[in-house]
Amino acid sequence: MNTHSIRFRLAAWHTVVLTAVFLILGGLLYFQIRRHLEVTILETQARRARQIADTLIAGKLAPGDAGLGSEIEGLYAPERTDRFIRVSRTTGEVVYLSGSPVDRSFDPLQIPTPSADFQSGRIDLPNGDSVLIAATSINSGAGTSYRVEVATSAAPVDSIANRLLMLLALGAPIVAGAVWGGSYLLVRLALRPVSQMAGKAEIISQHNLSERLPVANTGDELERLSGSLNHMIARLDDAFTTSKRFVADASHELRTPLTIIRGELEALALDTEVSAGVKEQAGSLLEEVERLSRIVDQLFALSRLDAGEAQAEWVSVDMGELAASTAEQMALLADDKQIKLNVEIEPAVKVFGDRARLKQVVVNFLDNAIKYTPVNGRVGLSVRAVQGCALICVEDSGIGIAPESLPHVFERFYRGAQAKATHADGAGLGLAIVKSIALAHGGDVSGESTLDKGSRFQLRLPLAGTA
Ligand code: ADP
């Protein structure tokens, strides 16, 4: 469980606060009920002591020990009613003491004589029992002072209080669990629009900037957030469209003047009337113009892919046959460097797509492999069908790519340090085009490499019929 999540923290906070409130209120209730029961019982005992004093002792000239005892027994039956009654003279002499109660809830002999000013309260006996006792003093008709004490066991009060305490102890975890579950669920529901927005935001990239996040109709900060994010995506969409259009327009506009310049320079290089120095200059300018034309063509190709062309040109393409014929056309390049080009083709690996673009992928892969593999190296091209996908794989025994460069090789205009050092003429657009073509065909592209050992690039496309 993620203890840093808002869900966890809010649920934990609610649980702690509400359980604490439950325990505090429960504790107050416990003390109040216990106190109320004790006070009520003590008041009853005090009333009874007063009654005994008023009816059996006050005004009587000689209450008489034996007579008093039998009167109390007859009127109050303390043993049967589980009560304690003691009448004593203030000199300390006990005139009457009730026997053990029927329920044996206390031992009368253990109840100490309270001090003269004691009126009522709870007394804990040495054997662990407790009694609630009330006392009153009275003068007899003969002027002798008596003290009447009436008590009952505190056990019923304790038992009610203990039951309440047990309910509180059992209720606390139930309350905590219910609050935890409730708030966890509530926060989850409250955050659902956020997770929906996050889910949508994760799949929005430069390729589908026209999509928008779901708007939470909550009328609060969430609704504002989703609205603001959608406005931001709209602004990004505008900016991307403008920049794509700029690249498309610029590369398109540059192609014609470049073609004219190239034509003029070719004518100059062939002109018999100009000097050898001028011809040489025209030749090197021609090389630069060709390089520039290549970059402009690549940019134009990328901008057309970005614009997401209609699929009108899509046909069923036999990838094996396409790769083999492309490899054959490029065999000369490999021969120039005495590179052994090994081709392994599985028959009838068909995909659905744009033939020219798919050929471009094989060209770019092979071109890089041959370019970045030293003389006498090896390059392998294979086409296979694996789990509903066509795999077009090119591997070489070339200079390889440093681990820190590998994640960037599909970015536009990115060139690895080794590549820059050995081949100054690249522009870093070849693999970016491959990636755009792969995405446009619903596939993906990947590369692995070990520096100074070689590289392996792979295009994965859905087989025709599965796309
Ligand atoms: P370019 O080849 O024009 O530099 P690419 O987009 O084709 O541009 O490749 C980008 C970078 O990826 C290259 O600069 C190079 O560093 C690296 N790279 C691509 N293919 C290979 C390969 N077969 N062997 C070594 N490095 C490669």
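Hydrogens, waters and symmetry mates are skipped; everything else that's a heavy atom, side chains included, is used. Atoms within a ligand are numbered from 1 in the order they appear, just like the ligands themselves.
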> Answer whether the closest heavy-atom distance between the side chains of Ile123 and Leu132 falls below 4.5 Å.
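They are not in side-chain contact.
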> Salt bridge (Lys or Arg N to Asp or Glu O under 4.0 Å): which pairs involve residues 3-26, sequence neighbours left out?
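Residue pairs with at least one partner in residues 3-26: there are none.
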> I'd like to know if Arg456 and Glu448 make a salt bridge, using a cut-off of under 4.0 Å between side-chain N and carboxylate O.
yes
> Show every salt bridge (Lys or Arg N to Asp or Glu O under 4.0 Å) that has at least one partner inside residues 251-274, sequence neighbours left out.
Arg255-Asp297
> With a 4.0 angstrom cut-off on heavy atoms, strictly below it, pick out the residues next to ligand 1 and order them by chain and number.
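Contacting ligand 1 under 4.0 Å are Asn368, Ala369, Lys371, Tyr372, Asp396, Gly400, Ile401, Val409, Tyr414, Arg415, Gly416, Ala419, Gly426, Ala427, Gly428, Leu429, Gly430, Leu431, Ser455, Phe457.
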> Show me the side-chain donor-acceptor pairs of residues 223-237 shorter than 3.5 Å, one per line, residues at least two apart or across chains.
residue : atom : partner : partner atom : Å
Glu223  : OE1  : Thr218  : N            : 3.3
Glu223  : OE1  : Gly219  : N            : 2.6
Ser226  : OG   : Ala216  : N            : 3.4
Ser226  : OG   : Leu222  : O            : 3.1
Ser226  : OG   : Glu223  : O            : 3.0
Ser228  : OG   : Arg224  : O            : 2.7
Asn230  : OD1  : Leu213  : N            : 2.7
Asn230  : ND2  : Leu213  : O            : 3.0
His231  : ND1  : Gly227  : O            : 3.2

> Please round to the nearest 0.5 Å and tell me the distance separating atom CZ of Arg122 and atom CZ of Arg34.
5.0 Å
